[in-house]
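The shown structure was predicted, so the numbers you read here are calculated from the model rather than taken from an experiment. Throughout, residue positions are numbered sequentially from 1 according to the sequence presented. Every number for a ligand or one of its atoms is a count from 1 in the order of the listing.
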Amino acid sequence: MTIQEEIDRRRTFAIVSHPDAGKTTLTEKLLLFGGAIHVAGAVKSNKIKKTTVSDFMEIEKQRGISVSTSVMGFEYNNYKVNILDTPGHQDFAEDTYRTLSAVDSVIIVVDIAKGVETQTEKLSNVCRMRKTPTIFFINKLDREGQDPFSVIDEIEQKLKIQCVPITWPINMGKNFKGVYQLLTDKLYLFDSEDKQIAIEPLIIPSMQSSKLDEQLGKENAAKLREDVELIRNVFPPFTREEYLKGNIAPVFFGSALNNFGVKELLENFLEMAPPPQKSTTLEREVDPSETKFSGFVFKIHANLHPQFRARIAFIKVCSGIFKRNTPYVHVTTNKTYKFSNPTSFMAAKQSVIDEAYPGDIVGVYDTGNFKIGDSVTEGEKLHFIGIPSFSPELFRYVENTDPLKYKQLAKGLEQLTDEGVAQLFTHKLNGRKIIGTVGALQFDVIQFRLEHEYSASCRYENLPLYKACWFKSTNKKQLDEFKKRKTAFLAEDKQGRDVFLADSAFSLQMAQENFPDIEFYFTSEFK
Ligand code: GDP
């Protein structure tokens, strides 16, 4: 196969949802179709029911052993499918955002009863920002839920995206009869007894066909005809081009638990979804078909074995062919590395690979040299963008409690924040270190890991702030004035960039009004 053929057959995507909508169940059913797993229950939910650090550590430990669940690759109908897993807990939303930087499309799972929930909204915003092609899977049709038209309406209103239904449900809950495929005029009947076997659809020659009445009963058939007519009048037609631009979102209905609607989703998805796309770097656009290898680190997985600090850095291949034992340059440090044991994540197990293509994820062992966003190339100085840090919202001062372990603490904080667990700031006025996170659980995780992996101990002091945001201005006078007035609220991030620590929404608003020439940024990526 040529490199272009290898690229064209790859689909690298993430499944995201608000917790409990059915992401894990759907992932598992997709893996069953791909033959990557053989029994239900093989995919561990990475959700944390109780938000305690021991729960988190336990889950991370399990995941550390089978790190493969971070990326699940399989072959299906000559497509190479790479599903990137995202954490189920909202305190780890940042990790999810970064994973979204490595995918070419997403499937968002929505619970028919609950509709659009907070996490759905946040994740969808990120996808919209990046113009990531999005497909919705409305799940749990075997239960009573909201009217499908109102769920779609809610998605359109809250998530600001034009939906296009591809399948349409006939009733729900106890009366759920199945779905109608609007593009192919096929009827898929639901059989609650028959969970694992993919049903053969019936081809319906026209909406007036008596086949519909026979299969569904007069009343249901009439309702379906009415719905389909309305859909064809109200929604724009599906075009792949508009979907790929992120302008429309195809919608599928089904029940992941009953394995209903999942095969249709998978097969339609594979045809519609984009192959690996161009990546943006500070220097230029990188095309996947370029002959030279380039990639970036989008995730670092700590190996939680206390004895060694080995980590796995996940590199997304952006262009060219990644080859084992080949010298590549880590652009940040300009050091050359040869990876002798790069792993891929196929069929739910990790295996050493010789080659990987654009769209693939390669895991390489790292002893603390890589950080999120770092580029690896054949030598060209490329800096991939689109892997931002977000303004944290929770802050604590971190204090060393063991004077003999000062160095360990500094190193631990440096490496953990490189991994993207949290962000580290230094207060300009008092020089104290501040940890900023998006979720409360991270503080416990950091303390635990400092102790277990770095033998360092720390204490936190609460720092009630509203947000940390980056800022800059070309108006030097105003910038100097701002810095003078806000001395007590300034910090530096790890790259030495200025950060404003706003203690309330009001003070941020006042700063924006009083210093109109200063631009405030809520993600770390700005020019
Ligand atoms: P996640 O948090 O989004 O990964 O959700 P899970 O896949 O863990 O599912 C949450 C709960 O919903 C579990 O108890 C599943 O068994 C259940 N569930 C998932 N899909 C369906 C479905 O289609 N119908 C019903 N009735 N329950 C479902």
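Across K23, Q119, K29, heavy-atom proximity to atom 3 (O) of ligand 1 is greatest for K23. Among V262, L257, T24, the residue whose heavy atom lies closest to atom 22 (C) of ligand 1 is L257.
A cation-pi arrangement, defined by a distance under 6.0 Å to the six-membered ring centre and an angle within 45 degrees of its axis, is present between R396 and F443.
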Pairs under 3.5 angstrom only: tabulate donor-acceptor contacts from the side chains of residues 102-116 to other protein residues two or more places apart or in another chain.
unit_1: D104; atom_1: OD1; unit_2: Q277; atom_2: N; d: 3.2
unit_1: D111; atom_1: OD1; unit_2: A113; atom_2: N; d: 2.8
unit_1: D111; atom_1: OD2; unit_2: K140; atom_2: NZ; d: 3.4

Run the side-chain donor-acceptor check on residues 201-209: report pairs under 3.5 Å with partners two or more places apart or on a different chain.
unit_1: S206; atom_1: OG; unit_2: Q208; atom_2: N; d: 3.0
unit_1: S206; atom_1: OG; unit_2: S209; atom_2: N; d: 3.4
unit_1: S209; atom_1: OG; unit_2: K211; atom_2: N; d: 3.0

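Here is the list of ligand 1 atoms found below 4.0 Å of a heavy atom in P19: 2 (O). Residue G22 approaches ligand 1 through these ligand atoms, each under 4.0 Å from one of its heavy atoms: 1 (P), 3 (O), 5 (O), 6 (P), 7 (O), 9 (O). Per-residue contacts place S17 under 4.0 angstrom from the following atoms of ligand 1 (heavy atoms of the residue considered): 3 (O). Short contacts between ligand 1 and A256, defined as distances under 4.0 Å to a heavy atom of the residue, involve ligand atoms 23 (O).
If you look at V109 next to ligand 1, there are no close heavy atoms at all, none under 4.0 Å. At a heavy-atom cutoff of 4.0 Å, ligand 1 is contacted by both the backbone and the side chain of S255. At a 4.0 Å heavy-atom cut-off, ligand 1 touches T25 through backbone and side chain alike. Contacts of R143 with ligand 1, taken as heavy-atom pairs under 4.0 Å, involve the side chain alone.
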Please assess K263 against E267 for the test salt bridge (charged side-chain N to carboxylate O under 4.0 Å, His left out), listing each intermediate value before the final yes or no.
-> CA-CA 6 Å; K263 188 162 177 260; E267 290 180 356; 3.6 Å; yes
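A donor-acceptor pair under 3.5 Å links the side-chain atoms of H18 to the main chain of Q119, judged by distance alone. Not a single donor-acceptor pair under 3.5 Å links the side chain of Q423 to the backbone N or O of I435.
Side-chain contact check for E419 versus K371: every heavy-atom pair is 4.5 Å or farther apart.
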